[in-house]
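Down below is the structure, laid out as structure tokens.
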Amino acid sequence: MPELPEVETTRRGIEPHLRGRRIADLILRDTRLRWPVSPEIANLAGREIVAVARRGKYLLLELDRGHLIWHLGMSGSLRILPRGTPPAPHEHVEIELDDGQALKFRDPRRFGALLYSAEDPLAHPLLASLGPEPLGDEFDAGYLYRRCRGRKVAIKNLLMNSHVVVGVGNIYASEALYLAGIRPGRAAGRISKPRAARLVDAVRAVLSDAIAHGGTTLRDFTRADGKPGYFRNELKVYGNTGACPACGAPVRQAVIGQRATYYCPACQT
DNA sequence: CGAGGGACCTGGTTGC
DNA sequence: TGCAACCAGGTCCCTC
């Protein structure tokens with residue numbers, strides 16, 4: 001479900017409610033997430049939440065001692081609700097706060113993950129080898145062009161590879177390639193330097209714009225306050241079974257790397 | 001090292 | 001109406 005804009009929207013939604021609060025209680029209803037949730041996490045009561053950061057699609061809850069690393073997987077969402085609100089279906093984890101509120105994690109498909117890291121979370125094996133942030137300085141035309149050299153994979157798959165750049169999932173990969181005028185199936189190694197530059201700009205633009213709209217709600221994504229994200233209305237090709245908004249040609253649907261892909265056969269080469 | 005595919009899950013929608 | 005098949009915003013891990 002969530003790509004970078006949805007995770008960032010979640011971060012911004014929960015952070016004001018969590019910063020400076022203490023964990024009153026931590027309830028693990030179902031520990032069968034992507035990896036089993038360590039029972040020691042239930043022992044974090046009393047710790048203070050100092051900050052909520054994000055790295056790629058991972059949320060990092062910095063505690064006064066240690067960190068929680070949270071990934072929403074495909075169907076996970078975090079909401080702030082009053083303590084005592086009856087748990088929704090698939091609400092696997094709840095962090096009760098010392099001010100009467102609670103952070104509730106719902107994840108029907110259980111592809112999400114919740115890990116505890118006593119050390120620097122960025123050194124955790126899952127995070128250590130991640131590529132640069134797409135909205136940071138390191139992600140530029142030279143970098144992307146270099147990473148494309150000699151690669152035969154479709155540029156869309158390369159964009160979605162978190163070891164190349166983090167945060168770009170299936171929706172925004174299609175959207176960014178549309179904006180850049182590049183066919184999603186084009187071999188990464190056949191992307192010219194100017195096209196790499198256009199693609200970097202497109203990725204940044206699409207993600208920033210989506211964050212500004214509170215992310216994209218297709219089905220079950222909800223923000224921390226329960227409202228949907230409105231970027232869905234801005235999507236140009238993803239899920240578009242009609243005409244290209246620029247030239248009117250029928251938007252084409254294909255499967256690339258086992259994922260649904262949308263593009264305009266006229267605008268994208 | 002790179003490419004490709006399966007695996008992990010549940011629920012909603014589609015089609016016979 | 002009933003039920004099987006298919007699809008979904010992620011990403012790790014295995015094989016070749």
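Convention: sequence-line order gives letters A, B, ...; per-chain numbering from 1. What's counted below: heavy atoms across the whole structure, side chains too, no hydrogens, waters or symmetry copies.
Within the 4.0 angstrom heavy-atom criterion, only backbone atoms of the sugar-phosphate kind lie near Tyr238(A); the bases stay farther away. Here Tyr58(A) lies in heavy-atom contact (under 4.0 Å) with sugar-phosphate atoms only.
Side chain to side chain, Arg195(A) and Thr269(A) meet the donor-acceptor criterion of an N or O pair below 3.5 Å. Neither side chain, Thr85(A) nor Lys104(A), offers a donor N or O lying under 3.5 Å from an acceptor on the other.
Nucleotide dT11(C) holds its P atom 13 Å from the CD1 atom of Ile171(A), rounded to whole Å. Rounded to whole Å, atom C1' of dG10(C) lies 6 Å from atom CE of Met74(A). Going from atom CD of Gln253(A) over to atom C1' of dC6(C) covers 13 Å, rounded to whole Å. With rounding to whole Å, Asp107(A) atom CG is found 11 Å from dG10(C) atom C1'. Between the CH2 atom of Trp35(A) and the C1' atom of dC13(C) there is a distance of 11 Å, given to the nearest Å. In this structure, CG of Leu130(A) is placed 8 Å from P of dC12(C), rounded to the nearest angstrom. Atom CZ of Phe221(A) is separated from atom P of dG12(B) by 19 Å (rounded to the nearest Å). Atom CG of Leu33(A) is separated from atom P of dC8(B) by 16 Å (rounded to the nearest Å).
The side chain of His163(A) contributes no N or O atom lying less than 4.0 Å from OP1 or OP2 of dT11(C). An OP1 or OP2 oxygen of dC9(B) is reached within less than 4.0 angstrom by no side-chain nitrogen or oxygen of Arg34(A). Dashed line: the shortest gap from a side-chain N or O of Lys152(A) to OP1 or OP2 of dG2(B) is not under 4.0 Å. Put simply, Arg259(A) has a side-chain N or O that comes within less than 4.0 Å of OP1 or OP2 on dG10(C).
Taking 3.5 Å as the limit, the base of dC9(B) and the side chain of Arg110(A) contain no donor-acceptor pair of atoms between them.
Classified by interplanar angle (parallel below 30°, tilted 30° to 60°, perpendicular above 60°), the ring pair Tyr172(A)/Phe231(A) is tilted.
Checked for salt-bridge contact, Glu15(A) and Arg11(A) miss the test: no charged N lies under 4.0 Å from a carboxylate O.
Of the listed nucleotides (dA8(C), dC12(C), dG11(B)), dG11(B) has the atom at the smallest distance from the side chain of Pro108(A). With dA3(B), dA8(C), dG6(B) as the choices, the nucleotide that has an atom nearest any side-chain atom of Gln258(A) turns out to be dG6(B). Of the candidate nucleotides dC12(C), dT10(B), dG10(C), dT10(B) has the atom lying nearest to any side-chain atom of His90(A).
If you check dT15(C) for Watson-Crick or wobble pairing at under 3.5 angstrom, you find it paired to dA3(B).
Rounded to the nearest Å, the gap between the P atom of dG11(B) and that of dT1(C) is 22 Å. When the P atom is used for both dG12(B) and dT11(C), the distance is 23 Å, rounded to whole Å. dC3(C) and dC9(B) have their P atoms separated by 25 Å, given to the nearest Å.
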Before giving the answer on side chain to side chain contact (heavy atoms under 4.5 Å, CB included), spell out for Leu68(A) and Leu44(A) the whole-Å C-alpha distance, their side-chain angles and the decisive distance to 0.1 Å.
CA-CA 10 Å; Leu68(A) 284 173; Leu44(A) 296 176; 3.7 Å; yes
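A distance cut-off of 5.5 Å between ring centres, combined with a plane angle under 30°, leaves Phe111(A) outside any stacking arrangement with the base of dT11(C).
Between the OG1 atom of Thr216(A) and the CD atom of Glu6(A) there is a distance of 5.0 Å, given to the nearest 0.5 Å.
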